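If you're wondering where the values come from, they're calculated on a predicted model, not measured in any experiment. Here is the naming used below: chain letters follow the sequence lines, and residue numbers restart at 1 for every chain.
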There are 2 protein chains.
Amino acid sequence: MDEPRWLDEREMAAWRGFVAASNLVARRLEHQLKENAGLSHTQYEILVQLSAAPDGSLRMTDLADRLVTSKSGLTYQVTQMEKAGMVRRRSCPSDVRGVFAELTDEGWRVLRAAAPGHVATVREVLIDLLTPEQLTVLGEGLGEVSERLRAAERGAAGR
Amino acid sequence: MDEPRWLDEREMAAWRGFVAASNLVARRLEHQLKENAGLSHTQYEILVQLSAAPDGSLRMTDLADRLVTSKSGLTYQVTQMEKAGMVRRRSCPSDVRGVFAELTDEGWRVLRAAAPGHVATVREVLIDLLTPEQLTVLGEGLGEVSERLRAAERGAAGR
DNA sequence: ACTCTGTCGTTCAAATTCGAACGAAGGTGT
DNA sequence: ACACCTTCGTTCGAATTTGAACGACAGAGT
């Protein structure tokens, strides 16, 4: 194995900051959502993704791709949310194997109730701690990172 | 409840990028470490933190604070790593309740073996995708975020 | 000395996550 | 029609994470 290119000070600071912030922000968010809305962050993200879809429903695989989770993990969460009445399964007309997850009225209600507190926390733990310039750079940089990693996953899987 | 201040386009982009990148990077890292070194990211971080400590050992609580994990989670991981021979528990002389986790020779060996591949992946999934200017902003911004959240945790817990 | 409060690390049950394997069905080429 | 390969969502077992409760001890105040 070749000599690895170790991280210099600047790179190390960026990496440590990224990892630490990831974990800390995730933890805070998890607590706030569980506390104020009885939801996990995963469940909240499911509500958000479904609410953003044209008719409030998405195919399971499609949904699993948008969240960053495994298919089996999504099956589990959707089952939980179905029990709670936030989501309903609907079979796909054009493909017998396919399953749609669809937002129920209760799901919409829960999402509307949870959103304000969630946004406030997002501001508190990240957005309002940064300057507009920092936000711009963050959005561009990490947006690019996300797209590349998503593309890499598709490239490796879809072969 | 007051009118929430929703996120504008710039803020939303930063938030979405941050969350997506967090999850995607975490997943990649987890796979690479498991594949090439048989370690979880948590375990790797334990090795790193211990190796950075003055005498290769840290108190359990201290270690749990540096990683972002619960005390019980750390107990579990240290037990696993102790079975694997990477770490050893040592009781604290000045405090009977206290327990030190200490890196063994095997632990050092595993860390040295895993480090190059880990750094290469860190470059591949984040560092090398960003410009030096972006890295600077990321380090400063997320470093500040981390410090604030750590301070908030201590403030809430240590009251 | 003695009580009171907080801290230390562990144990426990519950929840969540993942990957591999699975049955079923789609889609393609022959 | 027929194999062949892929995709779909689920099921299963194993691993991990968490918070609450616990027993043991430290430290401060009286």
Practice problem: Using heavy atoms to find the nearest nucleotide of DNA chain D for His31(A) and Asp62(A) separately, return the residue whose nucleotide is more 5′. | Solution: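 Nearer the 5' end of the strand: Asp62(A).
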Practice problem: Please figure out whether Arg27(A) or Thr61(A) has its closest DNA chain D nucleotide nearer the 5' end. | Solution: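 Nearer the 5' end of the strand: Thr61(A).
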Quiz prompt | Toward the 5' end of DNA chain C, by each residue's nearest nucleotide, Asp95(B) or Asp95(A) | solution =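 Closest to the 5' end, via its nearest nucleotide, is Asp95(B).
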Exercise. Could you check Thr75(B) against Val68(A) and say which one's nearest nucleotide on DNA chain C is further toward the 5' end?
Key: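 First, find each residue's nearest nucleotide; the 5'-ward one identifies Thr75(B).
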Integer-rounded Å distance: [N] [atom2] and [X] [atom1]:
X        : N       : atom1 : atom2 : answer
Lys34(B) : dA15(D) : NZ    : P     : 10 Å
Lys83(A) : dA14(C) : NZ    : C1'   : 13 Å
Arg59(A) : dA25(C) : CZ    : P     : 14 Å
Arg90(A) : dG9(D)  : CZ    : C1'   : 16 Å
Leu63(B) : dT7(C)  : CG    : P     : 19 Å
Leu74(A) : dG19(C) : CG    : P     : 14 Å
Leu58(A) : dC8(D)  : CG    : P     : 14 Å
Glu30(B) : dC18(C) : CD    : C1'   : 10 Å

Quiz item: When the ring planes of Phe18(B) and Phe18(A) are compared, do they come out parallel, tilted or perpendicular, using 30° and 60° as the limits?
Solution: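 Plane angle over 60°, so perpendicular.
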Quiz item: Is the Trp15(A) ring parallel, tilted or perpendicular to the His118(B) ring (thresholds 30°, 60°)?
Solution: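 Trp15(A) and His118(B): perpendicular rings.
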Which listed nucleotide ([options]) is nearest to the side chain of [X]?
X        : options                   : answer
Tyr76(B) : dC8(C), dA15(D), dT17(C)  : dA15(D)
Val96(B) : dA26(D), dT16(D), dA25(C) : dA26(D)
Arg89(B) : dT16(C), dT10(C), dT16(D) : dT10(C)

Give one of base, sugar-phosphate or nothing for [X], where a contact means two heavy atoms less than 4.0 Å apart.
X        : answer
His41(A) : nothing
Gly98(A) : sugar-phosphate
Ser40(A) : nothing
Gln77(B) : sugar-phosphate

Practice problem: Mark yes or no for whether Gln134(B), through its side chain, and Thr131(B), through its backbone, hold a donor-acceptor pair below 3.5 Å. | Solution: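 Checked: pair present.
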Practice problem: Classify the side chain of Ser70(B) and the base of dG19(D) as holding, or not holding, a donor-acceptor pair under 3.5 Å. | Solution: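 No, the side chain and the base share no sub-3.5 Å donor-acceptor pair.
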Quiz prompt | Distance-only donor-acceptor test, Arg97(B) side-chain atoms vs dC25(D) base atoms, 3.5 Å | solution =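 It does, because a donor-acceptor pair links the side chain of Arg97(B) to the base of dC25(D) below 3.5 Å.
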Exercise. Output yes when at least one side-chain N/O atom of Ser72(A) is less than 4.0 Å from OP1 or OP2 of dA20(C), else no.
Key: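 No.
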Self-check item: Distance test, side-chain N/O of Thr42(B) to OP1/OP2 of dT16(D), below 4.0 Å
Solution: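 Answer no for this pair, as no side-chain N or O of Thr42(B) is under 4.0 Å from OP1 or OP2.
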Quiz item: What's the spacing between His41(B) NE2 and Lys34(B) NZ if we round to 0.5 Å?
Solution: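 NZ of Lys34(B) is found 12.0 Å from NE2 of His41(B).
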Quiz item: Atom CD in Gln43(A), atom CG in Leu67(A): separation rounded to 0.5 Å?
Solution: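 Gln43(A) CD to Leu67(A) CG: 11.5 Å, rounded to 0.5 Å.
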Quiz item: Would you say the side chains of Arg90(A) and Ser57(A) form a donor-acceptor pair under 3.5 Å?
Solution: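 Judged by distance alone, the side chains do pair up.
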